[in-house]
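Proteins come first, then strands; the chains are lettered A, B, ... in the order of their sequence lines, and each starts at number 1.
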Amino acid sequence: MKEIEKTYDFKEWERFLYSKWLDAKVFRATVDEARGKRVFTIMMPPPNVTGNIHMGHVLDNTIQDVVARFKRMTGYYVLWQPGTDHAGIATQNVVERELKKEGKTRWEVGREEFIKRVWEWKEKYGNLIIESLKKLGISPDWDRLRFTLDDGYSKAVIEAFVRLYEAGLIYRGYRLINWCPRCGTALADDEVEREEESGYIYYLRYPLTEGGYIVVATTRPETYLGDVAVAVNPQDERYKGLIGKRVKLPFVGKRVDAEGKEVYPEIPIISDESVDMGFGTGAVKITPAHDFNDWEIGEKHKLPKVQVIDFDGKINENGGEWKGLDRFEARERIVKAFANAGLLEKVEKHTYSPGRCYRCSTVIEPLPSLQWFVKMKPLAQKALEAYDKGELIIVPEMFGKVYKNWLENVKDWCISRQIWWGHRIPAYYGPDGEVFVGRNYEEALQKAEKRYGEKVELKQDEDVLDTWFSSWLWPFATLGWPEETEDLKVFYPTHFLQSGWDILFFWDARMIMAGLFFTGKVPFKVLYLHGLLRDKYGRKFSKSLGNFPDVFELLDKYGADGLRFGVMSLTPEGRDIRFDENQLLVGRNFANKMWNINRLINMYLEGEVDLVKPNPTKPYQKWALHMLGNYIDVITKNLENYEFDDYVKNLYHLIWSNVADWLVEASKPYIKEGKREALDVLLYVWINSLKLAHPIMPFITDAIYETLPLKNKEITLMKTEWPRREYEYPDEYEYFEDLKEAITVFRSIKDLVGIKSAPYRGDVDESFVFLAGAENGDAEIWVKIPSRFEVYIGLTREQKNKVVQKLNREREELLSVVSKVEKKLSSDFVHKAPKHVIENEREKYKTLKAKLSDIERQLEMLNG
RNA sequence: GGGCGCGUAGCUCAGGUGGUUAGAGCGCUCGUUUGACAUGCGAGAGGUCGGAGGUUCGACUCCUCCCGCGCCCACCA
């Protein structure tokens, strides 16, 4: 017998096994090997290079690893493609912060030097996240690691831009966009976050040119500088007479609009249906350059656009005396000026939701500017059709509605970013500003010279593309697109993509659009969306609350398997997950339990063991084999249907409540005697249980596999075949289930009267005697164990009373159930219910009645 | 305003197409250091399934309304 440590040392085993797996290249996926096999491809959502590992990564990757290992064991050839995302704004921010420590800005070091710095930073820290992920024991093909800014990938991004442009789905336009003054870039609509905040609403008096004033309500008084009209509802009786009149904005002279025209402070009062008479005063100031609604009203009424806040968040020349002030400071000063002039009617508290940058939380400033956009409608249309045709399965289904809802209302996507870290937009401008889009300078130049008919110099667009514009190509760009590679032919389209629902719009839906446009195929068959992890109070994990656990600490305390097990068992389909560290303890304990089951089994194994298909003889053995079959069926179904929490729960019950609590215990007397078939059965059930557990707990199962002296072992359980049901003993299964119940009753009576062992009498399977803790002997009183077995427990007269009490309680309970059933059987039920239901009910009635009379007979005897 | 979801034991949650004596894990109580494991073993206590109606022979399960909670999108002058 090999000496096996008493406690599972997960740290040592995890280190040993992971390098063993990597050395043996068991995660490798190549085209040559894949040919002719059933292929299953998973695309890892690329973590940001800036990212530290957090619970979201743990959940993401555990789910994928479970699927990857399960699929491999069920005969698929699996490619799990890993990689990282350059995460444009996020990474740029990190490096800018580094620079700031040196007292420099990116402008001071210049574009080229700055990008060099970011690359240096990426080389140094960019793979930390990957190394962290490896600690989880996950099984992607690391040799295929890709990066959204590596050479091949960048080529794909440029190609995608050019093709969309040529298809008329990318355009450049002057629009109002979300601007982050801190990051200094435009953002897409969904990169803006909104949360309720309390602030103020100011009531300003705008003097009418003919005397008197009209009051407007605003949360952003500083934008009054850019007002070009006041709007009221045409139905509003209060203002009917004022429509067409003018107000004169105080403290401000003439301003200059986007077209360079002068705009005077006397602005018209106009009418527009969209004005809500019930809000504020019913009179709205219109600032087309700094508000999305006002922009629309401005377009409708052909109003000028006066920009007053600049890209740095400061008031510009149009702001007169406030020029150069930060927008928030300007607000205070302007309110003061209104107040001093008697033009501030009142200030009220007000709850609203200002947009904030999803990368730095700075308040977004809507600004008009020239940006690049993707026309989304045509792409969305195809994505909708594909879903309706069933080319895509979304799990859980409920998110299908969310998906559709978004696609049906999607707006054009602003993809240009005024930062430096990313894929530079392949648009080049001629001397007259004409745009030429090309895969490279030469291609653009060719187009340009054809047009101009002479040699020209082109200047490339300064902006880079939104990070999501590169990651939406992930499922095929990682496989070599736009080349028609063998990888693409073999591994694409992919089969399983999982993510949190929070990036359904950012990433998942966009990948579907890109996949359909560029490859004509939905890029993955199944989209699995898991909920988001929250703390135990249901709050989001956030930096400011500091309520998120440290993954390394958790790995240290519970081991990778414990962490994986715990997180997965907490993961209901789709709904958010309250994280509870206690559940990890369950995972760790479970691993330890497995370790100790194995220690026991190992004690009785001698020499090299052949795995054989056992020939069961005892009832418990047949029960065990049938029971295993049940779990194989249900667990396989759980995994096929992506029901991960059920998988984990069933596994736990198989191994702990059945294998450990009953099979191992029932086996003990036989394996101690060296009975061959007892060991065969135990080993057979055990190996198969380990296989079932391997996808979620790869380390402990392989560690155990290492310790078992088996002949013809594979490198890892992952290389073995997934279990199939091989035994059916329904009768013996029922028999032993009933015996278990009788054993429990016997034990509970012992416990009730406070004895460790009790005499028994009767004709019953020998497992009963051992498991119930029964012995031969005499007794004053014999009490029948309520069950289908003719077996009695021997007690003294003193012990009797407690048992009588217990039996009485049971009798009461039974009586009430019986009367319920009786009532049912004498009602309309017997005429209207389906036959099998009635039959069931009658069967139940018989059983209950028998049990009841059993108890009553006992009570009579005991009382007599 | 549009959409989605939730409310079952102290806690976290299971309970396809209506028929179970309503389950699990944790926690709790009692007992227990017997050579696999105290990260353990054995035995228990604990729920009028948010509320009110309705459909039905029968509702935790279906319908309506109400109460409470959460989320997404839009709006927030």
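With sequence neighbours excluded, the residues satisfying side-chain contact (heavy atoms from CB on, under 4.5 Å) with Asn589(A) are Leu585(A), Trp656(A).
Taking atom C1' in both U33(B) and A45(B), the straight-line distance is 25 Å, to the nearest Å. Rounded to the nearest Å, the gap between the C1' atom of U32(B) and that of A24(B) is 24 Å. If you take atom C1' in G50(B) and the same atom in G44(B), they sit 29 Å apart, rounded to whole Å.
For A36(B), the OP1/OP2 oxygens have a side-chain nitrogen or oxygen of Lys668(A) closer than 4.0 Å. Residue Lys649(A) places no side-chain N or O under 4.0 Å from the OP1 or OP2 atom of C13(B). Dashed line: the shortest gap from a side-chain N or O of Arg578(A) to OP1 or OP2 of U12(B) is under 4.0 Å. Taking side-chain N and O atoms only, Asn405(A) has no distance below 4.0 Å to OP1 or OP2 of C4(B). Contact between the side-chain N/O atoms of Lys756(A) and the OP1/OP2 oxygens of U32(B) is not found at any separation under 4.0 Å.
Annotation for Glu299(A): atom CD counts as buried by contact number, over 12 foreign heavy atoms lying within 6.0 Å.
Residue Trp501(A) is classed as a sugar-phosphate contact, given heavy-atom separations below 4.0 Å to backbone atoms only. Contacts of Val830(A) with the nucleic acid, taken as non-hydrogen atoms under 4.0 Å apart, are absent.
Checked by atom type and distance alone, the side chain of Lys305(A) never pairs as donor or acceptor with a backbone atom of Val228(A) at under 3.5 Å.
For Trp406(A) and Phe505(A), the distance between ring centers is under 6.0 angstrom. Annotation: Tyr358(A) is in aromatic contact with Phe506(A) [ring centroid separation under 6.0 Å]. The aromatic ring centroids of Phe338(A) and Tyr224(A) lie less than 6.0 Å from each other.
Residues from residues 343-353 of chain A with heavy atoms under 4.0 angstrom of RNA chain B, sorted by number: His350(A), Tyr352(A), Ser353(A).
Separating the CD1 atom in Ile793(A) from the OH atom in Tyr760(A) is a distance of 12.5 Å, to the nearest 0.5 Å.
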Pairs under 3.5 angstrom, nitrogen or oxygen only, protein versus nucleotides 41-45 of chain B, please.
residue, atom, partner, partner atom, Å
C41(B), OP1, Lys593(A), NZ, 2.7
C41(B), OP1, Trp656(A), NE1, 2.7
G42(B), O3', Arg747(A), NH1, 3.4
G42(B), N2, Asp751(A), OD1, 3.2
A43(B), O2', Asp751(A), OD2, 3.2

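Between Arg220(A) and Glu365(A), at least one side-chain nitrogen of the basic residue sits less than 4.0 Å from a carboxylate oxygen of the acidic one, meeting the salt-bridge criterion.
Across the strands present, C11(B) finds its partner in G25(B); the criterion is a Watson-Crick or G-U wobble pair with both atom distances under 3.5 angstrom.
The shortest distance between side-chain heavy atoms of Leu679(A) and Leu605(A) falls below 4.5 Å.
Lys411(A) contributes no side-chain N or O that forms a donor-acceptor pair with the base of A74(B) under 3.5 Å.
In terms of position on RNA chain B, the residue among Lys540(A) and Lys824(A) whose nearest nucleotide sits closer to the 5' end is Lys824(A).
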